[in-house]
**Student:** 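Structure provided below as structure tokens; questions to follow.
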Amino acid sequence: MFQSKAHFTKAYLEKFQSLHGKGVEEGSNRDRYEALAGLVRDVIARLWARTNREYMERDVKQVYYFSIEYLQGRILLSNLMNTDMLQACRDGLGDLGINLEDLTDQEPEAGLGSGGLGRLASCFMDSMASLNIPGHGCGIRYRYGMFKQKIVDGYQAELPDPWLKDGNVWEFRRPDKAVTVRFGGHIREEDVGGIRLFHHEGYQPVLAVPYDMPVAGYHNNTVNTLRLWSAEVMPIDTDEGPYSNSDYIQVMEYRRSVESISEILYPDDSRYEGRVLRLKQQYFMASAGLQSIVRRYKKRHGTLVDFHEKIALHINDTHPVVLVPELMRILIDEEGMTWDDAWLITTNTVSYTNHTVMPEAFEKWPIDVFKELLPRIHMIVYEINERWCHELWNRYPGEWDRIREMSIIADGFVHMANLAVVGSYSVNGVAKIHTEILKKSVLKRFYEYSPSKFNNKTNGITHRRWLMKANPDLSSLISEAIGKSWMAHATDLLRLKSCAADPVFAEKVALVKLTNKERLADYIKKTMGQTINPHSIFDCQVKRIHNYKRQVLNVLHIMDLANRLRENPALDITPRTFIFAGKAAPGYYAAKRTIKLINTVAEMVDADPVLREKIKVVFLENYRVSLAEIIVPAADVSEQISTASKEASGTGNMKFMMNGAVTIGTHDGANIEIRSEVGTENFVAFGLTPDEVMDFHKRGGYNARAVYEANPRLKLVVDQLVSGELPAGRDEFLGLYDGLLQHNDEFFLLEDFGDYAIAQEQIDRLYKDKARWRQMCIHNIAHSGEFSSDNTIWEYAVGIWQVKPVIF
Ligand code: 26V
């Protein structure tokens, strides 16, 4: 490793030379980035080989985390930090007249996810490696990541993200580890000596080629693997594939159909869509991942009879749940096990995390589609369901409704969440309230059947990326005050509490915040040409755009503030900059209109000299991990205002807290735990409780129009959506308006508006008291260690996977 500057510089110059065949002074920043990343990669590759050897020799239990999404973001700086080369590298490059950040900015971002679920998977990868836990990721190497968002005339436009076009330094293609995944065809059954054999014939074979990315732990020599699969045609010289009897056109059609499997990431988080290609992606990942795990396991152990003792398979939501029947297929068809033995192994190997309670998100596949694409898997799911329903009949004779609700196959569909619960030994939600809602409503029947399966694992975020990497100045300040132990043990941040009352420390924290706000202001100037005031309150709502996340509630409050300012230009408020960012699913009409509304209100404010004195609204284009890393450290206020009971956890809330923002938030998801951890005096809560929301759903009684009629300020802003006053077409926001009044405001924006406006006034008051505000910031930072994903992963390791750290 290169902890000394001289050592680093020598190695870097050599690497540059050998890679590019020229001197560093002749190279572009991209060339320089490649040389640096290549150098770090070499160091990590050595540790990687060693880690794998240790795992193999010690024959430890390993966990495989299956996720259809990973939102890794850039990794060069993380890798430098984790391998303890950052300082030497920064200094060495400095001597060569090179600024490290100019190189890290060259790295294309791995945006293989759309939001919280994908980012959680990446935080978990980081924590597993940093806790020395033998845990690996399994996913898809999409050729196109999350779409790039452009704002054109206030509307979202989507552009492709060809992130691999200039190559990816961090991946290792492993053609020798490729496996075949089979789609379509039919099953021929045969009895041989009383044993039933299943032959899959006439299928379309797809070659799954793994690309491995190293995941380096923090200062601990551990390097785990994120294995991403790419779909390719079978080699021309195999007897599989449509080569022998096909013409050129057929071969090319085969190629296109195969390559489409790992072509794109689906960006839709608004409603479940039953696209066959998506099911293909899911089976492709599950089957390829499992085959490679099984292959290695058999090589080491010769048999799969004790598979569950050495392997844990975790599924991140239901997307990889075909893993359950796939493991059954391998154990029965390929290993010759009995159904009961195979089922015992499978259900002792798989665990499942649920990430949403929104009914429209639950995956279900038409049984015919399922059968045609995966004929053998269909047979197995069918049998799992037969046996399961039989068990249910015995336990609940005559309770047809209950059995239908719990059945895996019902109404012509395969219900994936039901398959996940039945096929796994552990089911967890991602925040306390979310797990409670699963138990008492969404998965109630399953909880009644097997209560011990259910458990909570509150989400977390890696403090290495979201504090150490994103906010280096604050990190140094923290270390000066309490030492460095928090970097390895995030809960040590609690020691900061004793500094909260120290005005000198508080002043320094405030200065760092100001510097971060200036950095964000510069970014906005550079990318949008807009000027924002770093001395205003930075009030941030950055996340996917969704009705339940209620960006419109935020906008209604801004419009109300504007009305009050117009009425009284002397209104005594601290100037505020409302910062929004986030992508809308391309087919989600209301979410796209919400973006247009935000931009329209921004335009309205800019055009009015009275308003622009005190407020400013900006929508930052193309929200992604690297942009979050600039916004989060600059935030004063964190908007977490989802309808109570709807946000499973949220993780943005944790990132902001960790960087000293004060949350204005509903009683939802992890907000509830954040508030109780940091203390109610350091959190501004408002709005309906989850029980009140669920009561409205159950019993009715909500009347949006009555709420609107009763509050003149609210009535005014809602009317303004369609009055023609906004600088947009008169009908532009008619849909949003109708959603609130004609369709009775599904997410209770109107109901929560009054309380939200009061909470916003409270924010303004608190901010005016500088000393008080600074204390609140420090308390938030101090308590954020509880939400490090290290804690979460530790709980998964002990409570679900039963894997132990491997220290060497
Ligand atoms: C979400 C939704 C919600 C509305 C209805 C349709 C639909 C379809 C897909 C999705 C996204 C899949 C689930 C997901 O990303 N959940 C997020 O997971 C995060 C990590 O656990 C958690 O913090 C977020 O609260 C949760 O929304």
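Read the numbers this way: they start at 1 and go in the same order the structure lists the ligands and their atoms. Along the sequence shown, residues are numbered consecutively beginning with 1.
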**Student:** Nearest heavy atom to atom 4 (C) of ligand 1 wins, so pick from R119, H546, E360.
**Tutor:** H546
**Student:** Can you tell me which portion of M358 lies within the under-4.0 Å heavy-atom range of ligand 1? Options are side chain, backbone, both, or neither.
**Tutor:** side chain
**Student:** Nearest to atom 21 (O) of ligand 1, what protein heavy atom do you find, and at what distance?
**Tutor:** H355 ND1, 2.6 Å
**Student:** Using the ring centroid of each side chain, check whether H779 and F683 are separated by less than 6.0 Å.
**Tutor:** no
**Student:** M146 and side chain to side chain contact (heavy atoms under 4.5 Å, CB included): which single residue from L71, I264, L265 fits?
**Tutor:** L265
**Student:** Hey, is G650 one of the residues with a heavy atom under 4.0 angstrom from ligand 1?
**Tutor:** yes
**Student:** May I ask you to say whether E158 pairs ionically with K592, meaning some side-chain N is under 4.0 Å from a carboxylate O?
**Tutor:** yes
**Student:** Provide, to 0.1 Å, the distance between atom 6 (C) of ligand 1 and the closest protein heavy atom, together with that atom's residue and name.
**Tutor:** S270 O, 3.1 Å
**Student:** So is N459 polar-close to ligand 1, meaning N/O to N/O under 3.5 Å?
**Tutor:** yes
**Student:** Starting from atom 15 (O) of ligand 1, locate the nearest protein heavy atom and write down its residue, its atom name and how far away it is, to 0.1 Å.
**Tutor:** L117 CB, 3.3 Å
**Student:** Between Y548 and ligand 1, which part of the residue brings a heavy atom under 4.0 Å of the ligand: side chain, backbone, both or neither?
**Tutor:** side chain
**Student:** Aromatic ring centroids of F686 and Y756 under 6.0 Å?
**Tutor:** yes
**Student:** Going by heavy-atom distance to atom 25 (O) of ligand 1, choose the closest among E647, H319, M654, E69.
**Tutor:** E647
**Student:** Checking a contact table here: which protein heavy atom is nearest atom 1 (C) of ligand 1, and how many Å away?
**Tutor:** D269 O, 3.4 Å
**Student:** For D317, is at least one N or O under 3.5 Å away from an N or O on ligand 1?
**Tutor:** no
**Student:** Counting from 1, what ligand 1 atoms have a heavy atom of A648 closer than 4.0 Å?
**Tutor:** 25 (O)
**Student:** Among Y796, W794, Y425, exactly one meets ring pair (Phe, Tyr, Trp, His ring centres under 6.0 Å) together with W801. Which residue is that?
**Tutor:** Y796
**Student:** Donor-acceptor pair, D636 side chain versus F538 backbone, under 3.5 Å?
**Tutor:** yes
**Student:** Would you find more than 12 non-hydrogen atoms of other residues, nucleotides or ligands less than 6.0 Å from K432 atom NZ?
**Tutor:** no
**Student:** So, K364 and D411, do they make that salt bridge, N to O below 4.0 Å?
**Tutor:** no
